[in-house]
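Down below is the structure, laid out as structure tokens.
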Amino acid sequence: MDLEQKTRGFGKSCALLIVIAGMERYAFKGVASNLVTYLTDVVKMSNSRAAKTVNTWAGFTSMLPLFSAPLADAYWDRFFTILASSSVYFVGLVGLTWTAFAGSRSATKTISTYFLYSSLCLVSVGLGVLNPSLQAFGADQLDHELDKDTELPSGDQKDAKATRKTQFFQWWYFGVCAGSLMGVTVMAYIQDTFGWVLGFAIPGIAIFLSILMFLSGYQIYVYGSGTGLKAKKTTTPFEKILKFIKGRVVKQRSKFTLVDDEDLDAMELELQGRPLCKCDSTEMEDIETSSTTTKGLEDDESAKTVFSGHDTVKLVLRLLPIWTMLLMFAVIFQLPVTFFTKQGMTMKRNIGSNFKIPPATLQSTITLSIILLMPLYDKILIPITKRIKNNSKGISVMERMGVGMFLSIIAIVIAALVERKRLDISQNMKTLPDYDPETVPMSIFWLLPQYILLGISDIFTVVGMQEFFYSEVPVQMRTMGFALYTSVFGVGSFVSATLITIVEAYSCSTGERQNWFADDMSKARLDKYYWLLSLTSTISFVVYIILCKFFKSSSDQEGEVEEKAPK
């Protein structure tokens, strides 16, 4: 077989899991994109409390993979983990549907916030465990397919595997984007038009169907014990950090006197090699396999490629400054599902005489911007930057993230200007006899530029973050890299909720008692909040630029080690 035949198509298991990933995103976006509307209009929360609830929930959901992914890698069977987490996810959506149904049937139209929060918590737990496990299970299927491609010469095998992996993750990303787009557009319309019972029931049905689809493929899946897949359990980065700390404590107490097995573990960690590993994942597996043999010299060489707990801690701490500067980008990225949607609810949304645009539907422009502009990014922007900078990389990963951060600042400045215009029109309309306090005669399409710019910034920053955290960690810490990337948005959501609380307390304590997040959108001052975010984001961006001048990537450090090494 030639190379083209080897890189064409995927197996049934990969295709099935891509479809399931798309259905999961459809269900999640169908709930998350319009949740702030449900909390304010049905649950009767204030604007600030609803925004804080959505941000806290999103942060909790995004942070869970930081804890669940290492456990799933080291201890849990992926098939049953996916099945169990999907079931918890489904139960949470059933609970949300029941809250909407009970509220609609109640004489007082009240909804138990305790039951609501419990249902949202179940959705978070199910989703936080499902997402990393599902993608890892899909990668297992791909690894098995690539391991079967042995007819080609070794060089062609590498090219074929690299091409197949790129195609797989591109199709995975397409499935996720397609599901997100359908969830935002279709479900927002159903929720605003036909009610929240049906609006929450359909995502629950989608997850139930995805569970059935997942079970239907049990005979075609490749499991952890399959050919070419690693069945042994490896030490996770978290275990290494804990062992390192424990080893340091024991070392101080015993003054290098070995008293038990824990001391031996500590000493073993100290003897592990220090240099960065310069091998790819295939070579890493070979080294791990050779380390189990009884050949002393091979053991010594392979030990040099294993990271100790001390190296793990240093590597994570090295990335923390960049990680911290990305938090304001994550704060801005929470706005479309909270205050942007609330803005849209007060604007003119009619198309014709019968159809009204659901405000949450505009979030689809972010996904559309990504889908439509990503090919332009790969085919036009990158080749142009390669010619301008006269190198093979074009725009670097850190430059890419910086461009996205800058575009997000422009987006929030535009949002502040549009909100100021909306407030001016609202104030002028108060003197008219036909004044409608709930609708401002200003088209909702004024919000499109800020949505589109956030979509473009997503292409630069989010995709750059994935590559940055993936490439800056060693092979055996890839789970940690994924967790660091998702935790930016998790912690960013918590920062957003905290910032809203502080701003609300400050604005209510002023002499005018003017709450920036007032429930009456004609009195709210979201424009001031947007200006505050633009200022803090600009400071974060400037500090990020300074950090980039002093930051050395792993590849740069390896190059220095090679230059200093004796020849």
Side-chain angles (χ1 to χ4, degrees), residues 36 46-59 62 322-346 359 362-363 365-366 369 401-423 446-458 460-462 465 488-510 514-518 521 523-545 547:
V36 69
S46 64
N47 286 343
S48 59
R49 185 184 176 190
K52 286 186 287 186
T53 300
V54 173
N55 286 331
T56 303
W57 176 65
S62 300
I322 301 296
W323 180 92
T324 304
M325 292 305 105
L326 291 168
L327 289 179
M328 284 310 302
F329 174 82
V331 171
I332 292 177
F333 222 79
Q334 298 302 318
L335 294 175
V337 296
T338 53
F339 293 125
F340 284 7
T341 300
K342 291 299 297 181
Q343 281 180 271
M345 292 173 64
T346 66
L362 288 189
Q363 296 173 37
T365 57
I366 296 178
S369 300
M401 292 191 293
V403 170
M405 293 170 69
F406 177 76
L407 291 176
S408 69
I409 296 172
I410 301 299
I412 200 64
V413 169
I414 292 175
L417 296 174
V418 171
E419 176 62 9
R420 181 67 259 177
K421 182 177 180 62
R422 187 192 69 82
L423 288 172
W446 277 87
L447 300 178
L448 277 181
Q450 61 205 57
Y451 278 102
I452 293 174
L453 269 176
L454 281 182
I456 299 174
S457 69
D458 188 293
F460 286 91
T461 302
V462 176
M465 284 166 59
V488 170
F489 293 95
V491 176
S493 298
F494 291 126
V495 172
S496 178
T498 304
L499 192 59
I500 291 172
T501 301
I502 295 173
V503 169
E504 185 176 30
Y506 168 78
S507 60
C508 289
S509 66
T510 57
Q514 187 182 46
N515 184 1
W516 290 7
F517 310 112
M521 290 297 289
K523 297 179 180 179
R525 294 307 305 268
L526 291 180
D527 58 324
K528 291 185 177 181
Y529 180 63
Y530 293 161
W531 284 118
L532 175 63
L533 290 183
S534 65
L535 175 62
T536 52
S537 297
T538 301
I539 295 173
S540 179
F541 176 63
V542 171
V543 176
Y544 173 82
I545 293 176
L547 289 174

### Query
Just wondering, do Leu447 and Gln450 contact through their side chains at under 4.5 Å, heavy atoms?
yes
### Query
Do Val413 and Trp531 come close enough that some side-chain heavy atom pair is under 4.5 Å?
yes
### pair Met465-Phe489: side-chain heavy atoms closer than 4.5 Å
yes
### Query
Got Arg422 and Asp527 here, is their nearest side-chain heavy-atom distance under 4.5 Å?
no
### Task
Taking the side chain as every heavy atom from C-beta outward, state whether Met401 and Phe329 have any atom pair closer than 4.5 Å.
no
### Task
Kindly say whether Met405 contributes a backbone atom to a donor-acceptor pair with the side chain of Ser408 at under 3.5 angstrom?
yes
### Query
Which residues pass the salt bridge (charged side-chain N to carboxylate O under 4.0 Å, His left out) test with Asp458, sequence neighbours left out?
none
### Query
Do we see a donor-acceptor contact under 3.5 Å between the side chains of Ser48 and Glu504?
yes
### Query
Has Trp446 got more than 12 heavy atoms of other residues, nucleotides or ligands less than 6.0 Å from its CH2?
no
### Task
Mark yes or no for whether Ser369, through its side chain, and Thr365, through its backbone, hold a donor-acceptor pair below 3.5 Å.
yes
### Asn47 side chain vs Ala518 backbone, donor-acceptor pair below 3.5 Å
yes
### Message
Would you say the rings of Phe339 and Phe517 are close, in the sense that their centroids are separated by under 6.0 Å?
### Response
yes
### Summary
Rounded to the nearest 0.5 angstrom, the OG1-CG distance for Thr461 and Leu454 is 10.0 Å
### Query
So which heavy atom on Val36 is nearest to which on Ala50, and how close?
CG2-CB, 4.0 Å
### Query
With distance as the sole criterion, is a donor-acceptor pair present between the side chains of Arg525 and Ser507 under 3.5 Å?
no
### Query
Is there a side-chain contact between Leu499 and Tyr529, using heavy atoms and a 4.5 Å cut-off?
yes
### Query
Taking the side chain as C-beta and beyond, is there a heavy-atom pair between Thr338 and Ile500 under 4.5 Å?
no
### Task
May I ask you to test the Ile366-Pro336 pair for a side-chain heavy-atom distance under 4.5 Å?
yes
### Message
Would the distance check show the side chain of Ser540 and the main-chain N or O of Met325 forming a donor-acceptor pair, the cut-off being under 3.5 Å?
### Response
yes
### Query
Sub-3.5 Å donor-acceptor pair from the side chain of Thr53 to the main-chain atoms of Arg49, do we have one?
yes
### Task
Say whether, by atom type as modelled, one donor and one acceptor occur between the side chain of Ser62 and the main chain of Gly59 under 3.5 angstrom.
no
